[in-house]
Visitor: 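I have a structure I would like to understand better, so I am pasting it below and will then ask my questions one at a time.
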Amino acid sequence: MSPTFPIRTECPPGACECDRERLLADPEADLRVLMLTKEEEKKLVARLENLADLAELRRFEERLRAQLGIVIRVEPGAREVRTARGIAIEVEARPGLCRKTRQTIPAAIRRSLEKNPEIVYALLNARDLLGDA
């Protein structure tokens with residue numbers, strides 16, 4: 001079965017463990033993640049690097065989950081947070097999602113957090129003792 005939309009080209013052999021072939025072979029698999037082509041990934045990274053606020057970050061998390069099935073978690077780390085490096089950013093591994101993409105997305109978000117410390121403050125305030133989280 002081949003998808004009706006353009007899909008990401010395969011990674012060089014041995015460079016990735018995304019299980020793209022296994023995903024394509026399964027007729028009941030969720031192929032949405034393969035819609036993230038390299039060109040689309042570049043656009044996504046550019047947009048993630050220029051986040052304006054926490055609400056925009058949360059909208060991106062929801063849109064990625066709804067449109068591509070990619071789950072991203074951005075929250076304060078388990079230990080003390082002194083800089084944007086203390087924020088835990090995790091992209092859930094799933095078949096078809098390239099290892100490089102799982103590294104690129106958090107790096108783009110981290111660059112955005114470093115440029116806009118207000119997002120980090122909002123994240124921390126959301127987890128405050130009196131916050132809603």
Side-chain angles (χ1 to χ4, degrees):
M1 180 180 103
S2 84
T4 59
F5 50 84
I7 63 172
R8 185 177 186 99
T9 58
E10 60 186 306
C11 299
C16 191
E17 65 273 351
C18 64
D19 289 333
R20 180 180 184 272
E21 290 76 26
R22 184 174 57 99
L23 186 67
L24 287 171
D26 185 359
E28 295 182 18
D30 182 6
L31 300 177
R32 294 178 300 165
V33 72
L34 295 178
M35 291 183 352
L36 186 62
T37 63
K38 291 186 183 195
E39 294 78 28
E40 292 297 322
E41 182 181 339
K42 287 177 187 177
K43 290 178 190 176
L44 173 65
V45 166
R47 291 187 68 191
L48 287 173
E49 287 178 346
N50 294 306
L51 295 171
D53 55 20
L54 180 59
E56 188 176 7
L57 173 62
R58 295 302 186 208
R59 279 192 304 273
F60 264 102
E61 289 175 351
E62 286 305 313
R63 287 184 69 197
L64 286 171
R65 179 177 293 126
Q67 293 178 359
L68 301 174
I70 297 174
V71 177
I72 301 174
R73 285 190 259 320
V74 181
E75 47 195 40
R79 298 180 185 235
E80 184 176 352
V81 176
R82 294 185 185 190
T83 67
R85 297 275 175 213
I87 301 295
I89 304 171
E90 178 186 342
V91 177
E92 194 173 279
R94 59 170 290 156
L97 186 59
C98 181
R99 178 179 48 91
K100 183 179 174 192
T101 303
R102 289 195 331 258
Q103 294 170 349
T104 304
I105 291 174
I109 294 172
R110 196 166 309 283
R111 285 190 294 273
S112 185
L113 296 178
E114 289 171 352
K115 280 196 300 191
N116 296 321
E118 299 82 26
I119 300 172
V120 176
Y121 302 146
L123 259 170
L124 294 172
N125 285 339
R127 289 294 182 119
D128 194 13
L129 179 62
L130 302 175
D132 58 357

Visitor: For atom NZ of K100, is the number of surrounding heavy atoms from other residues, nucleotides or ligands below 6.0 Å larger than 12?
Guide: no
Visitor: How many angstroms lie between CD in E39 and CG in L44, if you round to the nearest 0.5 Å?
Guide: 13.0 Å
Visitor: With no hydrogens and no angle check, is any side-chain donor or acceptor of D26 less than 3.5 Å from a backbone partner on R22?
Guide: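 Pair absent, no side-chain N/O of D26 close to backbone of R22.
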Visitor: Any side-chain heavy atom of T101 sitting closer than 4.5 Å to one from I70?
Guide: no
Visitor: Considering non-hydrogen atoms only, spot the tightest contact between P117 and E114 and give its length.
Guide: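 The pair with the smallest heavy-atom distance is CD-O, 4.1 Å.
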Visitor: Distance-only, no hydrogens or angles: does the R8 side chain make a donor-acceptor pair with backbone N or O of V33 under 3.5 Å?
Guide: no
Visitor: Partners of Q67 by side-chain hydrogen bond (donor to acceptor under 3.5 Å, both in side chains), sequence neighbours excluded?
Guide: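 Once residues adjacent in sequence are excluded, Q67 has no partner under the side-chain hydrogen bond (donor to acceptor under 3.5 Å, both in side chains) criterion.
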Visitor: Contact between E41 and T104 at the side-chain level, heavy atoms closer than 4.5 Å - yes or no?
Guide: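 Result yes, sub-4.5 Å side-chain heavy-atom pair found.
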Visitor: Check for me, please, whether V45 and V74 land in the same ILVMFWY cluster - side-chain distances under 4.5 Å, paths through other members count.
Guide: no
Visitor: Sequence neighbours left out, what passes side-chain hydrogen bond (donor to acceptor under 3.5 Å, both in side chains) with E49? Give chain and number order.
Guide: R111
Visitor: Among all residues two or more places apart in sequence or in another chain, which pass the side-chain contact (heavy atoms from CB on, under 4.5 Å) test with K42?
Guide: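 With neighbours one apart ignored, the set is empty.
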Visitor: Applying salt bridge (charged side-chain N to carboxylate O under 4.0 Å, His left out), can you list everything that pairs with R63, at least two apart in sequence or on another chain?
Guide: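 So R63 forms no salt bridge (charged side-chain N to carboxylate O under 4.0 Å, His left out) with any residue.
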Visitor: I'd like to know if the side chain of R32 reaches the main chain of A66, judged simply by a donor and an acceptor atom lying under 3.5 Å from each other, with no hydrogens or angles considered.
Guide: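 Such a contact is found between R32 side chain and A66 backbone.
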Visitor: Run the side-chain hydrogen bond (donor to acceptor under 3.5 Å, both in side chains) test against Q103 and tell me which residues pass, sequence neighbours left out.
Guide: none
Visitor: If hydrophobic clusters are built by linking Ile, Leu, Val, Met, Phe, Trp and Tyr wherever their side-chain heavy atoms come under 4.5 Å apart, do M35 and L24 end up in the same one?
Guide: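 The answer is yes; both residues are in one hydrophobic cluster.
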Visitor: Can you give me the closest heavy-atom contact between P27 and A25, atom names plus distance?
Guide: CD-O, 3.3 Å
Visitor: I'd like to check the side-chain contact (heavy atoms from CB on, under 4.5 Å) partners of E75; sequence neighbours left out, ordered by chain and number.
Guide: R127
Visitor: For a side chain to side chain contact (heavy atoms under 4.5 Å, CB included) check, start with the C-alpha distance between L97 and R102, then their side-chain angles and the critical distance, and finish with the verdict.
Guide: CA-CA 7 Å; L97 186 59; R102 289 195 331 258; 3.6 Å; yes
Visitor: Nearest 0.5 angstrom please: R20 CZ to L23 CG, how far?
Guide: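 R20 atom CZ to L23 atom CG measures 9.0 Å (nearest 0.5 Å).
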Visitor: Roughly how far, to the nearest 0.5 Å, is the CG atom of L34 from the SG atom of C18?
Guide: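 Rounded to the nearest 0.5 Å, the SG-CG separation comes to 8.0 Å.
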Visitor: Under a 4.5 Å cut-off applied to non-hydrogen side-chain atoms, are D53 and E118 in contact?
Guide: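 Sidechains of E118 and D53: no contact.
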Visitor: Heavy atoms, side chains only, cut-off 4.5 Å: are S112 and N50 in contact?
Guide: no
Visitor: Less than 4.0 Å between a side-chain N and a carboxylate O, is that true for R94 and D30?
Guide: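 Here D30 pairs with R94 in a salt bridge, since their nearest N and O are under 4.0 Å apart.
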Visitor: Going through the distances and angles, do E40 and K43 end up as a salt bridge (charged side-chain N to carboxylate O under 4.0 Å, His left out)?
Guide: CA-CA 5 Å; E40 292 297 322; K43 290 178 190 176; 3.5 Å; yes
Visitor: Pick out which of R59, R58, R65 makes a salt bridge (Lys or Arg N to Asp or Glu O under 4.0 Å) with E61.
Guide: R58
Visitor: Rounded at 0.5 Å granularity, tell me how far CG in L123 sits from CD1 in I87.
Guide: 5.0 Å
Visitor: If we only count heavy atoms from C-beta on, is the V91 to V71 side-chain gap below 4.5 Å?
Guide: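 No, their side chains stay 4.5 Å or more apart.
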Visitor: May I ask you to test the Y121-L54 pair for a side-chain heavy-atom distance under 4.5 Å?
Guide: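 No - every pair of side-chain heavy atoms lies 4.5 Å or more apart.
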Visitor: Can you tell which of L124, I109, L51 makes a side chain to side chain contact (heavy atoms under 4.5 Å, CB included) with I119?
Guide: L51
